[in-house]
Number of protein chains: 2
Amino acid sequence: MKFYRSYPAGKQVAWRGDELSIVASVVRGVASLSTQMEDGRKQMVGLLLPSDFYGRPGRQRALFDRTAATDLLLCCFHRKPFEAMMIATPHVGQRLLSMTLDELDSARDWMVLLGRKQARERIASLLSLLARRAAPHPDGLIDLPLTREAIADYLGLTFETVSRHFSHLRRDGIIALQTSRQFRVLDAAALEEATGGAFAEEMASQ
Amino acid sequence: MKFYRSYPAGKQVAWRGDELSIVASVVRGVASLSTQMEDGRKQMVGLLLPSDFYGRPGRQRALFDRTAATDLLLCCFHRKPFEAMMIATPHVGQRLLSMTLDELDSARDWMVLLGRKQARERIASLLSLLARRAAPHPDGLIDLPLTREAIADYLGLTFETVSRHFSHLRRDGIIALQTSRQFRVLDAAALEEATGGAFAEEMASQ
DNA sequence: CGGCAGTTTGACCAACATCAAGTTGGGTGG
DNA sequence: CCACCCAACTTGATGTTGGTCAAACTGCCG
């Protein structure tokens with residue numbers, strides 16, 4: 001019933017409007033959810049890191065594009081049997097409800113970022129998020145699983161603005177860039193300060 | 001087990017961090033979910049219209065402020081017994097999961113609006129949303145349940161920008177403003193055009 | 001050694017924010 | 001009943017942030 005699928009970095013996993021025949025959870029790698037407007041403007045609406053779930057029990061068609069941001073390994077279930085299992089074993093549904101509510105809170109946090117934060121704050125927020133969620137290498141180096149363009153699409157900016165503010169944060173001594181895709185936090189307090197305020201979600205467990 | 005509570009327009013129903021002892025659904029009126037950053041920047045992250053549910057089964061504390069945008073009537077349940085009922089009758093949980101997934105899709109649509117749409121498109125999108133969801137008066141007049149400032153907080157703009165673009169849409173013959181809190185759609189096609197693209201959510205049922 | 005995608009940086013520009021007057025309209029008290 | 005008040009709204013002048021356009025740089029792959 002359970003099976004694995006892998007996708008190379010950059011590969012589109014599913015398109016908006018596709019039949020949603022499977023649900024899945026991320027085992028390794030990073031996937032993104034995004035939409036594109038007719039004129040090409042693009043907005044990422046979710047970033048799926050290892051352990052995150054993706055799927056829409058009870059829905060026929062995908063509303064957003066799914067892309068493998070890095071090499072990606074998914075643990076998949078066919079949707080129909082999964083839905084049957086949800087009905088048979090209620091606590092699966094309860095667990096899924098709880099995860100969905102958390103995702104909703106994250107989405108709302110992101111709305112604050114997109115609606116009110118400045119470019120520098122948005123980038124600091126993303127770096128802070130990655131520093132918390134991504135497993136750092138032993139030397140404190142953290143992989144950036146996204147290109148400048150993908151970051152821009154996530155933060156509602158252009159890739160030029162993203163690049164500029166990476167440079168600013170580097171010049172300010174807050175982060176160091178090893179390559180353009182790996183960074184290190186030099187001054188965690190200053191980074192936190194630069195985010196413009198914690199996410200509401202972080203208070204959830206308190 | 002079920003009881004009703006009403007609040008006058010403008011009244012804060014609950015604050016971020018409050019004990020979440022009840023869950024509720026909106027019977028009449030409009031409520032908003034919002035956060036405020038330390039420096040006062042405010043972002044609304046959800047608008048609750050009649051029939052919408054609010055509450056977080058399984059969560060202790062509210063992460064967002066809740067305010068009555070208009071006079072508001074809520075149908076409330078104490079959280080603990082409600083949670084017990086969810087466990088006892090699984091289809092309540094399934095229904096709630098489905099509603100939460102829809103809300104997540106709406107939130108993601110709003111992220112596109114906040115991240116990528118221009119001021120005029122944001123306002124057209126909100127008017128289009130209200131035209132679809134709010135019951136119009138027999139003569140096609142639609143109530144605006146929000147002040148310019150609340151609209152600005154929802155759309156990630158300032159109230160001046162909101163006011164200016166209302167005027168533009170009026171001058172363009174797309175809408176008419178009866179008072180500043182009631183409008184009529186004069187050219188539905190042009191309004192749709194001005195939104196910059198449909199919400200993904202609208203495709204859900206297809 | 002190209003070639004090319006991804007990135008950086010600069011110069012300029014446009015959209016929206018900010019600051020600053022006015023205007024409207026409903027409500028209150030004289 | 002009118003005068004006043006005040007919050008909500010409108011409109012204008014100016015400033016700032018981030019977008020756009022353009023050019024060069026890096027590093028990886030064939």
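A note on names: the letters A, B, ... follow the listed sequences, proteins ahead of strands, and every chain is numbered from 1.
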Test: Arg41(B) and Glu121(A) ion pair at under 4.0 Å: yes
Atom-pair distance (CZ on Arg116(A); C1' on dT17(D)), nearest Å: 15 Å
Closest to side chain of Gln118(A), choosing from dC9(D), dT17(D), dT11(D): dT17(D)
Whole-Å distance separating the CD1 atom of Ile123(A) from the P atom of dT17(D): 14 Å
Over 12 foreign heavy atoms within 6.0 Å of CZ, Arg181(A): yes
Interatomic distance where CG belongs to Leu157(A) and P belongs to dT16(D) [whole Å]: 20 Å
Short side-chain N/O contact from Thr161(A) to OP1 or OP2 of dG19(D), under 4.0 Å: yes
Rounded interatomic separation in angstrom, taking CZ from Arg120(A) and C1' from dT16(D): 16 Å
Atom pair distance, as rounded to whole Å: CZ in Phe166(B) and P in dA8(D): 15 Å
Ring-face cation contact, Phe159(A) with Lys42(A), 6.0 Å cut, 45° max: no
Arg181(B) vs dC9(D): side-chain N/O to OP1/OP2 distance below 4.0 Å: yes
Sugar-phosphate, base or nothing in reach of Gly10(B), heavy atoms under 4.0 Å: nothing
Side-chain donor/acceptor contact of Arg164(A) with base of dT20(D) under 3.5 Å: yes
Under-4.0 Å salt bridge between Asp102(A) and Arg59(B): yes
DNA chain C: 5'-most and 3'-most nucleotides touching chain A, 4.0 angstrom heavy-atom criterion: dT7(C) to dA11(C)
Interatomic distance where CD belongs to Glu160(B) and P belongs to dC9(D) [whole Å]: 12 Å
Between Ser125(B) and Lys117(B), a side-chain donor and acceptor under 3.5 Å: yes
Interatomic distance where CG belongs to Leu155(A) and P belongs to dG19(D) [whole Å]: 10 Å
Thr158(A) vs Thr161(A), side-chain hydrogen bond (donor to acceptor under 3.5 Å, both in side chains): CA-CA, chis, key distance, verdict: CA-CA 5 Å; Thr158(A) 60; Thr161(A) 299; 3.1 Å; yes
Nucleotide nearest Thr147(B) (side chain, heavy atoms from C-beta), chosen from dC9(D), dT10(D), dA22(D): dC9(D)
Sugar-phosphate only, base, or nothing, as touched by Thr179(B) at under 4.0 Å among non-hydrogen atoms: nothing
Salt-bridge present (Asp52(A), Arg133(A); N to O < 4.0 Å): yes
Touch class at under 4.0 angstrom, heavy-atom based, for Ser180(B) against every strand present: sugar-phosphate
